[in-house]
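Chain letters run A, B, ... following the sequence lines, proteins first and then strands; every chain starts at 1. Atom set for the values below is all heavy atoms of this structure, side chains included, hydrogens, waters and symmetry mates excluded.
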2 protein chains.
Amino acid sequence: MARNCRFAVAVHITALLATMEGQPCTSEWIAGSVNTNPVVVRRLLSALAKAGLVRSTRGSAGGSVLARPADRISLLDIHRAVDEDEEPALHNQPPNPACPVGRNIQSVLVRVMERADAARDAVLSTTLLSEVVGALKVEG
Amino acid sequence: MARNCRFAVAVHITALLATMEGQPCTSEWIAGSVNTNPVVVRRLLSALAKAGLVRSTRGSAGGSVLARPADRISLLDIHRAVDEDEEPALHNQPPNPACPVGRNIQSVLVRVMERADAARDAVLSTTLLSEVVGALKVEG
DNA sequence: CGAATAGAAACTGTATCTGTTACATATTTC
DNA sequence: GAAATATGTAACAGATACAGTTTCTATTCG
């Protein structure tokens, strides 16, 4: 998982939209709950909109709403929307091709990391935004 | 997974040690295969030694060897040795406690991320260094 | 002793990220 | 049409993390 907090804030934002049930929310109001700057919220909303998860409208009485029900949005959808193209973290400089290990280590590592990432993604894909919202209510 | 390349390089280093079968390797020689600076290698070797995965000796004819057979070292062992205490990436500023979502989102997210990380770790824990070395030989 | 090696501290350049300001664009309301 | 209210986006600053490098100390072998 990336070391930034985009995923956490994006889940926060979409959970807020889910609890507002179609009522458009402004980036300033959302920023009040996240405790950050409205532009940070808008950047994430923009990424979520490109992925088709939210819709935003400008102008007075504008704001953002979920583009589909919370039980049809998985945390993997959100993760891919805001942390796109996470490539495996390999060597900065290409290893020495004259060494049997250096020549092949990257392709072997990529295969392992793809399996590891797939296992993590499987958990995220079976966790729905609606479940997160439900868990929030239980906490009270 | 972290965005640095410590894990990739650490697997590279330990795979080299495994193929050398007990012959001590110097950080300079290892750096030649990894294509980096010997100090970068020593930093990782130091972390691996603290985790009990390698042993290093100083002085002339010194170097590093694996502390136990490659079929008793998992990639999770290596990952934990060099990328210690990876906490889940949450909000930078604490969310607004006056908001029902802001008040509880972090505890819910931590639980989800722990499940996701556990799934990834399960893959890494069942992948042994000896398997990586075997895959390297197949590639040729 | 002298050569070779690990260990560790300190510093640099680069990249990424969050937060911020500023402004253009779009939409509603009056 | 003008004003108010939003989003969209570019540009910039400060903080942090990381890889790489230099330099020095400590240790070991011959």
Give, for atom [atom1] of [X] and atom [atom2] of [Y], the distance between the pair rounded to the nearest 0.5 Å.
X	Y	atom1	atom2	answer
A:L75	A:L128	CG	CG	7.5 Å
A:R120	A:M113	CZ	CE	12.0 Å
B:N92	A:T36	CG	OG1	8.0 Å

> Okay, side chain of A:D71, backbone of A:S130: is any donor-acceptor separation there less than 3.5 Å?
Replying inline: no
>> If we ignore hydrogens and angles and just use 3.5 Å, is the side chain of A:S33 paired with the main-chain N or O of A:W29 as donor and acceptor?
In response: no
> Among pairs that include at least one residue of residues 77-134 of chain A, which meet ring pair (Phe, Tyr, Trp, His ring centres under 6.0 Å), considering only residues two or more places apart or in two chains?
Replying inline: A:F7-A:H79, A:H91-B:H12
> Should A:C99 and B:L16 count as side-chain neighbours, where that means a heavy-atom distance under 4.5 Å?
Replying inline: yes
>> Measuring only between side-chain heavy atoms, which start at C-beta, is B:V65 closer than 4.5 Å to B:T57?
In response: no
>> So if I apply the side chain to side chain donor-acceptor pair (under 3.5 Å) rule between A:R42 and each of A:S56, A:S27, A:S64, which one comes out positive?
In response: A:S27
> Crowded around B:R103 CZ? As in, over 12 foreign heavy atoms under 6.0 Å?
Replying inline: yes
>> Check this for me, if you would: do B:D77 and B:R72 make a salt bridge, where the nitrogen-to-carboxylate-oxygen distance has to be below 4.0 angstrom?
In response: no
> What are the 5'-most and 3'-most nucleotides of DNA chain C lying under 4.0 Å from any heavy atom of chain B?
Replying inline: C:dA4 to C:dG19
Give each protein N/O atom lying under 3.5 Å from an N/O atom of nucleotides 12-19 of chain D, with the pair distance.
from: D:dC18; atom 1: OP1; to: B:N4; atom 2: ND2; distance (Å): 3.3
from: D:dA19; atom 1: OP1; to: B:C5; atom 2: N; distance (Å): 3.1
from: D:dA19; atom 1: O3'; to: A:N92; atom 2: ND2; distance (Å): 3.1

> What is the per-nucleotide protein-contact pattern of nucleotides 22-30 of chain D, from the 5' end, where B denotes a base atom under 4.0 Å from a protein heavy atom, S denotes such proximity for sugar-phosphate atoms only, and - denotes neither?
Replying inline: B---BBBS-
>> Suppose the criterion is salt bridge (charged side-chain N to carboxylate O under 4.0 Å, His left out): which pairs have a residue in residues 131-140 of chain B, not counting sequence neighbours?
In response: A:R111-B:E139
> Residues from residues 15-29 of chain B sitting under 4.0 Å of DNA chain C, heavy atoms only?
Replying inline: B:C25, B:T26, B:S27
